[in-house]
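Read through the structure below, which is laid out as structure tokens, and then see the notes.
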Amino acid sequence: MTDATAASQNDAAGIPAASNGDGSGLYLVDGSGFIFRAFHALPMLTRPDGTPVNAVLGFSNMLLKLLADARAEAVAVVFDSKRLNFRNEFYPDYKAHRPEPPEELKPQFALIREATEAFCLPCLELEGYEADDLIATYARLAQEAGRKVTIVSSDKDLMQLVRPGVGMFDPMKNKAIGPDEVFEKFGVPPEKVVDVQALAGDSVDNVPGVPGIGVKTAAQLITEYGDLEALLANAEKIKQPARRQKLIEFAEQARISRRLVLLDENVPPPKPLDELRVREPDHQRLIDFLKAQGFRSIVSRVEMEMLKDGRIADGAGSSAAPASAALASAAPAAKDPAAAPSDEPAERPARKTVLNVPEVRYELVQDADALRRWVERARETGVLAVDTETDSLTPATATLVGVSLSTEPGIACYIPLAHGASTAAAGQLDFDAPPPPVQIPTAEAMAILKDVLEDSSVLKIGHNFKFDHQLFARNGIAVSPVDDSMLISYVLDGGAHGHGMDELAEMHLAYTPIPFKEVCGTGKNQITFDRVPLDKALAYAAEDADITLRLWTLLKPRLVDDRMVTVYETLDRPLVPVVADMERAGVRIDKKALSDLSQSLSVRLAEIEKDVHALAGQSFNIGSPKQLGEILFDTLKLGTGKKGKTGAYSTDSSVLEELAEQGHTIAQRVLDWRQLAKLKSTYTDALQEKISPVTGRVHTAFALAATNTGRLSSTDPNLQNIPVRTEEGKKIRRAFVASPGHKLLSVDYSQIELRLVAEMANIQALKDAFRDGLDIHAATAAQVFGIPLDQMTPDIRRKAKAINFGIIYGISGFGLGRQLGIAPGEANAFIKTYLERFHELKVWMESIKSFARQHGYVVTLFGRRCYMPGIQDKNAARRAFAERQAINAPIQGTAADIMKRAMNRMPAALAAAGSSARMLLQVHDELLFEVPEAEAEDAARIVRGVMEGAAHLGVPLVAEAGIGDNWEEAH
DNA sequence: GGGGTCACG
DNA sequence: GACGTACGTGACCCCT
């Protein structure tokens, strides 16, 4: 069973394959460029002897990842030679403004060459030329030889080289750069980049360009005239006088600039292209080098990365006989490296053995004795990776189809339990169908597995084990203890990338697992897992258990290295059985109430639709923003309309509300239609479909590793966004009901995020206000605007409330202004006053941003890291966005941590009090329970106690409870 | 499959 | 001087 989060993660943040599938691809690493970028991007770090090595570490990590991703392709590293080169001969000022490299960087140049040699990669450099020229030359040579090229660099000067067969990869952002990305940057295709650069110039490299012309203007001119020479020849025809004048005056300077930026692809190559081939690394040498730099934490990773990388002597699966039915039935084995390049890319990269295991042994287990042998083996190893296969993604109701186990890397089995069952169950008389395979009866298999799954001395490992936990729970097995490789990855790298198994296997094991769709198909041809032939089921399922164990082996030690043990052990790991039980419980829905609502909404939508069409004078699809925009702004000409970046009119609610205020009835009617259409399609219709025929309840799935901040999310259906604000929406909440004889109990934290701002930023005035139990928005309004509480007006309180919320979001004058409907300047004045009054806040926000810039992540009060990939972005807008995220994440994340602490303690607290209340849903700051009517008040008291006691801070935590027959009443 | 829109905290 | 803006989610619809 592939879990929902693990599915469909195949696009990967990975590098473009400079691959013909035969090892002929060539990666050219811009070593010189990387040094500077790594140096400035990474915090300072020194060896025990004091030598700075931050750039060396960045470089080693990058190469390591590249070698894993690049698979069995050639890699070479290119360096600048000395500072002067041929460009200085005709333009002495070229790069003249470059300051001396910082002292901490200088000793790292030599070390980075050493690192390259330790990786056994060729160093390319040539006196009188820059690395860029060598890269240009080798790219040309390789392309002529039919080899695909990937330039590993983020230097915009290299973008001119992008063409079919030549791509780029930005190792800092982990992002491929192709023609589209080049166009995004320069506004022209790669072959015209030099013309744009010639006009725009570059202050960093001291390329003069034409004064007053930047990239935007340059791109526009080059697009219009074709190229630089054509533009200069037609300079007189340019309309804007200043621009015309500059282009004429600085024509020659533009030509020189073009020669400066144009890379020389005909330099004498220092090494013949043929020498740039896949090389076998010297592991010991590399490990010795890394140890000498003090990079202890990555040495073990290196060992694994290198071992599993295709370039070691195990042959990358090319000649070794397949070791099992799993491999035999898998995709074609790797092609012979000597074979001619093929035009058609392999469907999937060749299989490779992972880690230092010569072969995989996957066994199909079809009798009880064989299963007992696996149980014995698990008792010996003490660890057991477990994965379940089912016929649906809803574990509360899915049928268990099979179980796979793995006891050590490469050793796994699959135990089919219900294959071929659905045909029989459907009673179809298909005489061609094969008879059901030999299988252990599910009950017998469960009885054998129960002992080991509940054995406290055997650690069970799963990837998204919450899913499997539910299936076993339904079979009377309470699996314990459990580790979850998905959650370990989330704790280690939350915000840096996804945590689905396929994505992690690509990243950490350089391995592409068999895609689920390859086994079960897709769309209407998709089959359930019980219809999959056993050989394919074995290959897929055993591999999942195998990979889970390998990922765990790799990631688990990092918890200690990265000091994330406590976060994992106290917050995320214990949540697995708790949330599994919530999902399994499900929530009762009054189907009749929903279908009545759907019915009445249909009628009202039809009426509104008729009105709108009449007002428009024609019939159109109101649900199409495109058609609606054209009706409003082209046909009816209600104002000019705002267009977004796609050129379409914006018709969102703010636009429609403005039109409605101007008295345009149609706008208000469309708003009404939108609201009702949303409620009907997303809630009243869809929710009915989600009621399980088995349990009669709705079972959402809470994703534990989906958000950047540590929050949960809810899918299938999302029960964290059930309407509550409008009267119509509340009717939907009333359809969430308690079982007969029961009540719903809703308990939510009051103002938890603002309390945490007061706590973390240590804002004394705000903490006092919370301690005194004041109306916090009124209190801040009093402090900020200097108005006594007894003279407070609702409008002033509203403004203070908006600022309080804004703080949590990483405030901006623009955002606050828009929220309050005032000018950004006026909003800025509010913010200024607020920050003066609560001066601790400003200090805190600055320190968070600085921390984020330095480390690339922020931390919550309980130590959870949230990675912020955009914080170093050189685009100011994207950087500002990341800064707001950096402010928000510790606040939102700490609230999420506290809620998790409360949830983890809840089952024991309820049990200890003899309560039979069941936790059903979590909505970020709210928990919903179902409880026997007589126990409701007691349960409310217990739950409030656990929630308020989940953290002991300088501000009190307050939780408020409500009890009712339905969710709306309880809320 | 991406964009637009809108439901929630 | 222009940019592009409040944080975090997921589901639905249209349209290519």
Side-chain angles (χ1 to χ4, degrees), chain A residues 4 8 11 212 214-217 495 620-629 644-656 670-671 673-687 689-690 700-703 706-726 728-729 732-733 748-749 751-753 757 802-820 824 827 831 858 866 868 875-893 895-896 899 921-926 971:
Chain A
S8 75
D11 55 337
V215 171
K216 287 268 151 63
T217 313
F620 69 102
N621 185 348
I622 307 174
S624 161
K626 185 166 172 270
Q627 293 182 31
L628 176 64
K645 54 185 160 198
T646 52
Y649 290 116
S650 168
T651 65
D652 66 20
S653 54
S654 70
V655 172
L656 294 179
V670 170
L671 280 169
W673 187 91
R674 281 243 180 102
Q675 195 205 3
L676 301 185
K678 177 86 173 181
L679 294 179
K680 181 169 189 296
S681 68
T682 308
Y683 302 106
T684 63
D685 288 351
L687 227 37
E689 305 292 313
K690 296 289 180 180
T700 185
F702 287 103
T707 70
N708 287 337
T709 55
R711 272 191 180 181
L712 309 188
S713 74
S714 159
T715 58
D716 240 351
N718 181 354
L719 296 186
Q720 290 181 322
N721 72 345
I722 301 302
V724 69
R725 290 170 190 170
T726 63
E728 288 303 320
I732 292 168
R733 243 171 219 247
D748 70 308
Y749 281 116
Q751 300 291 349
I752 187 166
E753 293 193 348
V757 171
I803 307 179
N804 282 336
F805 269 98
I807 296 302
I808 292 165
Y809 296 152
I811 198 147
S812 79
F814 184 93
L816 180 63
R818 203 179 53 161
Q819 176 66 33
L820 286 175
I831 295 168
V858 292
C866 309
M868 300 280 135
N875 175 308
R878 281 200 288 269
R879 203 170 51 243
F881 180 47
E883 286 175 352
R884 292 193 297 271
Q885 291 176 315
I887 299 293
N888 173 257
I891 305 167
Q892 191 182 109
M899 180 55 104
L921 298 177
Q922 187 249 47
V923 192
H924 311 306
D925 65 359
E926 172 191 1
H971 198 272

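Lettering of chains follows the sequences in order, A, B, ..., and the numbering in each one begins at 1. Heavy atoms only: backbone and side chains are in, while hydrogens, waters and symmetry mates are out.
- Rounded to the nearest 0.5 Å, atoms OG1 (Thr700(A)) and CG (Asn718(A)) are 6.5 Å apart.
- With hydrogens and angles ignored, the 3.5 Å screen pairs no side-chain donor or acceptor of Arg711(A) with any backbone N or O of Gln892(A).
- The CD1 atom of Ile887(A) sits 9.0 Å away from the CD1 atom of Ile807(A) when rounded to the nearest 0.5 Å.
- Counting to the nearest Å, the P atom of dC8(B) and the CG atom of Leu687(A) are 14 Å from each other.
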Sugar-phosphate means primed atoms, P, OP1 and OP2; the rest is base. With that split, encode nucleotides 9-16 of chain C 5' to 3' as B, S or - using protein heavy atoms under 4.0 Å. SBBSSSSS
Would Gln720(A) and Ser713(A) count as a side chain to side chain donor-acceptor pair (under 3.5 Å) here? Give the steps. CA-CA 7 Å; Gln720(A) 290 181 322; Ser713(A) 74; 5.5 Å; no
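- If you take CE on Met899(A) and CG on Asp925(A), they are separated by 6.0 Å, rounding to the nearest 0.5 Å.
- Across the protein-nucleic acid pair, Ile752(A) atom CD1 and dC7(C) atom C1' stand 16 Å apart, rounded to whole Å.
- Rounded to whole Å, atom C1' of dG4(C) lies 7 Å from atom CZ of Phe814(A).
- Separating the CD atom in Gln922(A) from the NE2 atom in His924(A) is a distance of 6.5 Å, to the nearest 0.5 Å.
- Gln627(A) places a side-chain N or O within 3.5 Å of a backbone atom of Asn621(A) that can act as its donor or acceptor partner.
- Distances shorter than 4.0 Å separate none of the side-chain N or O atoms of Arg818(A) from OP1 or OP2 on dT5(C).
- Between Gln922(A) atom CD and dC8(B) atom C1' there is a gap of 12 Å when expressed in whole angstrom units.
- A heavy-atom distance below 4.0 Å to DNA chain C is reached by these residues of residues 878-886 of chain A, ordered by number: Phe881(A), Arg884(A), Gln885(A).
- When the nucleotides dG9(B), dA6(C), dC7(C) are ranked by their closest atom to the side chain of Asn888(A), dC7(C) comes out on top.
- The CG atom of Asn875(A) sits 11 Å away from the P atom of dT5(C) (whole-angstrom rounding).
- Using a 4.0 Å heavy-atom distance criterion, Leu816(A) is classed as a base contact.
- The separation between Leu671(A) atom CG and dC6(B) atom C1' is 12 Å, rounded to whole Å.
- Counting non-hydrogen atoms under 4.0 angstrom, Glu753(A) reaches nothing in the nucleic acid.
- Atom P of dG3(B) sits at a distance of 13 Å from the matching atom of dT5(C), rounded to the whole Å.
- Spacing between atom CG of Leu921(A) and atom P of dG9(B) amounts to 13 Å, rounded to whole angstrom units.
- Judged by distance alone, the side chain of Arg884(A) and the main-chain N or O of Ile811(A) form no donor-acceptor pair under 3.5 Å.
- In terms of position on DNA chain C, the residue among Lys216(A) and Gln819(A) whose nearest nucleotide sits closer to the 5' end is Lys216(A).
- Nucleotides dG2(B) and dA6(C) have their P atoms positioned 22 Å apart, rounded to a whole Å.
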Secondary structure of DNA chain C per the Watson-Crick/G-U criterion (both distances under 3.5 Å; [ ] crossing, | other strand, . unpaired) is ......|||||||||.
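- Here Gln819(A) contributes atom CD and Phe814(A) contributes atom CZ; the two are 12.0 Å apart, rounded to the nearest 0.5 Å.
- Proximity of a side-chain donor or acceptor of Thr709(A) to a complementary backbone N or O of Ala889(A) within less than 3.5 Å is not detected.
- Of the possible donor and acceptor atoms, none in the side chain of Asn888(A) sits under 3.5 Å from a partner among the backbone N and O of Ile891(A).
- Nucleotides dT5(B) and dC3(C), compared at atom C1', are 24 Å apart to the nearest Å.
- Per the geometry, CZ belonging to Arg725(A) stands 9 Å off P belonging to dA7(B), to the nearest Å.
- Salt bridge annotation for Glu728(A)-Arg674(A): absent, with no cationic side-chain nitrogen under 4.0 angstrom from a carboxylate oxygen.
- For Thr651(A), whose side chain is taken as the heavy atoms from C-beta onward, the closest listed nucleotide among dA6(C), dT5(B), dT5(C) is dT5(B).
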